[in-house]
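Hydrogens, waters and symmetry mates are skipped; everything else that's a heavy atom, side chains included, is used. Order of the sequence lines fixes the chain letters, A, B, ..., with proteins taken first and strands second; residue numbering starts at 1 for each chain.
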There are 2 protein chains.
Amino acid sequence: MDSSANVSERQVQAPSLAISTVIFALRDDTATGRPEIWLPLVRRIRQPHLGRWALPGGPLDGRESLQDAAARNLRETTDLDPTYLEQLYAFGGLDRSATQRLVSIVYWALVRPEQADLARASENVQWFRASEVAGLAFDHDEIVAYALGRLRGKIEYGSVAYHFLGDRFTLAQLRGVYEAVLGKQLDPANFRRQFRSAKDIAPTDEVLQGGRNRPPRLYRYTGARADPPGVDDGTGAGTRTGLAPGTGVRNPVGVPGAMQADVVAEAAGGQS
Amino acid sequence: MDSSANVSERQVQAPSLAISTVIFALRDDTATGRPEIWLPLVRRIRQPHLGRWALPGGPLDGRESLQDAAARNLRETTDLDPTYLEQLYAFGGLDRSATQRLVSIVYWALVRPEQADLARASENVQWFRASEVAGLAFDHDEIVAYALGRLRGKIEYGSVAYHFLGDRFTLAQLRGVYEAVLGKQLDPANFRRQFRSAKDIAPTDEVLQGGRNRPPRLYRYTGARADPPGVDDGTGAGTRTGLAPGTGVRNPVGVPGAMQADVVAEAAGGQS
DNA sequence: ACAAAAGTGTTTCCTGTACACCCATGA
DNA sequence: TCATGGGTGTACAGGAAACACTTTTGT
């Protein structure tokens with residue numbers, strides 16, 4: 001139990017609220033050169049689960065929006081600003097954490113690889129391959145798995161992939177993102193064709209010099225950098241074909257003001 | 001910094017948590033006979049926004065899961081048990097409700113039309129056409145609009161549509177659901193063909209007698225009644241074609257235990 | 001010259017769409 | 001019998017998948 005005597009009383013009244021953030025970045029595998037998905041974790045320095053790795057997060061105070069709190073998580077653990085940040089899910093069961101009833105609103109973020117390389121790492125903050133995380137504190141294993149699923153689903157639509165990359169990129173790099181997320185190889189020819197016809201990607205005059213082969217052209221993402229707010233297609237399910245580049249709609253259903261000007265709904269306290 | 005703080009301190013730290021629920025049902029228009037989307041609202045009997053209509057909801061106490069609280073909303077306002085219940089979004093801005101900082105986790109539910117007809121209505125609980133709600137308390141206008149968008153998105157995948165119907169239904173009824181949600185007419189012939197080939201729908205031996213025309217065959221939904229938990233494809237975006245009946249995957253990314261055994265993630269309290 | 005990636009063309013297949021048509025029933 | 005919706009057949013168009021092929025670079 002925690003500390004003061006009337007804890008049990010207060011537990012019944014109001015669950016505490018915390019924000020956690022799953023931060024994804026791509027990093028090229030040193031052997032194959034292929035990009036892989038990585039994420040930073042922090043080591044718990046308190047009970048429960050002391051010493052185990054966990055998602056960055058902390059309690060929500062009354063002065064910042066959910067979004068802001070998640071962005072702060074990101075800054076504090078990695079020194080990065082998010083290029084993509086979206087609400088994932090609110091977890092709030094009771095069969096957990098013997099010490100205290102807790103509701104966690106989980107966000108997920110994407111950062112660019114150059115950034116991820118620079119990102120702070122220390123004794124208590126380290127990056128892990130997403131495919132290898134296991135044994136995290138609380139339910140964070142499952143939350144990471146869920147976030148990965150959502151990432152996979154979401155990339156099939158739209159604009160998420162670009163948030164892994166800088167503002168100039170080759171089609172091979174973009175394809176690398178898709179391959180890392182979807183976990184399978186894609187036909188370069190068809191990939192190219194699909195994305196050339198995508199509306200919100202434009203070729204530049206530049207090419208990327210210095211490679212061993214023919215220098216590829218650089219492209220630029222012309223769509224909105226700030227993505228579909230809270231909106232979510234999550235699982236991505238339906239799309240059986242694979243990619244669905246720019247053909248799909250981008251942000252058909254905007255969450256109200258939930259991002260910049262977040263929304264509060266108050267209890268109705270209906271009948272009686 | 002957790003529990004021992006005094007009261008004023010704690011207010012700043014911990015926003016209150018509420019659950020609200022958007023409940024959708026179909027009801028046949030008396031004139032055209034076409035189904036339309038309706039939802040129940042409750043009249044506020046307290047400040048702020050006293051007297052205005054609002055989504056059913058209430059504060060979350062420490063003894064029930066988010067899911068359970070939403071189900072209770074549903075029961076208390078409409079006397080119905082949900083055939084579908086899923087988390088929509090967590091709203092938690094500060095620029096709201098002058099009286100109090102509040103985070104609301106919003107669920108959405110689908111109920112069947114027969115049930116909706118029986119559902120309790122009273123002075124303080126009434127059903128409204130979804131297309132006509134306006135002037136609700138707080139941001140509930142926007143939340144409803146967001147929920148409608150998600151519904152539209154979601155129906156293009158998978159199994160949601162069936163939750164509006166009983167366990168036996170004609171293809172015309174099913175098509176009615178889609179038309180009501182998508183807001184456009186669909187070709188009966190193609191609709192039929194797509195759904196006949198859908199895996200999780202099976203014809204029965206029965207037909208629906210008593211109509212003015214040829215008696216249509218009754219079908220049965222064979223997929224999971226309890227849907228993809230917390231998972232969310234939300235906006236539905238990508239699917240440009242329209243329906244995507246059973247072809248799509250059903251529940252490719254299950255949220256961990258979030259439904260039956262909800263999950264709690266605790267703050268990591270990383271560095272420092 | 002050769003390897004390897006960039007980039008193009010072509011063919012096949014699948015699926016959604018449109019629409020013409022027959023079938024069964026009640027009035 | 002006729003109107004109406006249930007139910008079937010079919011032809012067309014667009015896009016994805018597969019893969020052969022040409023182009024451009026570094027070594």
field: Contacts of B:Trp53 that satisfy ring pair (Phe, Tyr, Trp, His ring centres under 6.0 Å) - sequence neighbours left out
entry: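 Expected list: B:Phe128.
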For [X] and [N], what is the distance between atoms [atom1] and [atom2] respectively, to the nearest whole Å?
X	N	atom1	atom2	value
A:Leu186	D:dG15	CG	P	19 Å
A:Tyr219	C:dA6	OH	P	11 Å
A:Phe191	C:dT8	CZ	P	15 Å
A:Phe169	C:dA6	CZ	P	14 Å
A:Leu218	C:dA6	CG	C1'	13 Å
B:Arg217	C:dC23	CZ	P	17 Å
A:Arg192	D:dT23	CZ	C1'	12 Å
A:Gln185	D:dC19	CD	C1'	16 Å

- request: Measure across A:Ala71 and A:Leu85 and return the closest heavy-atom pair with its distance rounded to 0.1 Å.
  value: N-CD2, 3.7 Å
- prompt: Any side-chain N or O of A:Gln194 under 4.0 Å from OP1/OP2 of D:dA16?
  reply: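 Indeed, a polar side-chain atom of A:Gln194 lies that close.
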- request: For a side-chain hydrogen bond (donor to acceptor under 3.5 Å, both in side chains) with A:Glu86, tell me which candidate from A:Lys154, A:Gln67, A:Arg150 qualifies.
  value: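 Answer to the side-chain hydrogen bond (donor to acceptor under 3.5 Å, both in side chains) test with A:Glu86 among A:Lys154, A:Gln67, A:Arg150: A:Lys154.
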Side chain of [X] - closest among [options]:
X	options	answer
B:Pro216	C:dA18, D:dG7, D:dC19	D:dG7
A:Asp187	C:dT8, D:dT8, D:dA18	D:dA18
B:Asn190	C:dC19, C:dG7, C:dT8	C:dC19
A:Arg193	D:dA18, C:dA6, D:dG6	D:dA18

Using a 3.5 Å cut-off and no angle test, enumerate the donor-acceptor pairs between side-chain atoms of residues 169-176 of chain B and protein atoms at least two apart in sequence or in another chain.
unit_1: B:Thr170; atom_1: OG1; unit_2: B:Ala172; atom_2: N; d: 3.4
unit_1: B:Thr170; atom_1: OG1; unit_2: B:Gln173; atom_2: N; d: 3.0
unit_1: B:Gln173; atom_1: OE1; unit_2: B:Thr170; atom_2: N; d: 2.9
unit_1: B:Arg175; atom_1: NH1; unit_2: B:Glu179; atom_2: OE2; d: 3.4

query: When we call it a touch if two heavy atoms are under 4.0 Å apart, what does B:Ala172 touch: a base, just sugar-phosphate, or nothing?
result: sugar-phosphate
message: Suppose the criterion is salt bridge (charged side-chain N to carboxylate O under 4.0 Å, His left out): which pairs have a residue in residues 205-219 of chain A, not counting sequence neighbours?
response: A:Arg168-A:Glu206
statement: Applying side-chain contact (heavy atoms from CB on, under 4.5 Å) to A:Thr32 and not counting sequence neighbours gives A:Asp29, A:Arg34
- prompt: Which residues pass the side-chain hydrogen bond (donor to acceptor under 3.5 Å, both in side chains) test with A:Gln209, sequence neighbours left out?
  reply: none
Polar atom pairs between nucleotides 25-27 of chain D and protein, under 3.5 Å, N or O only, would you list them?
unit_1: D:dG26; atom_1: O4'; unit_2: A:Arg212; atom_2: O; d: 2.6

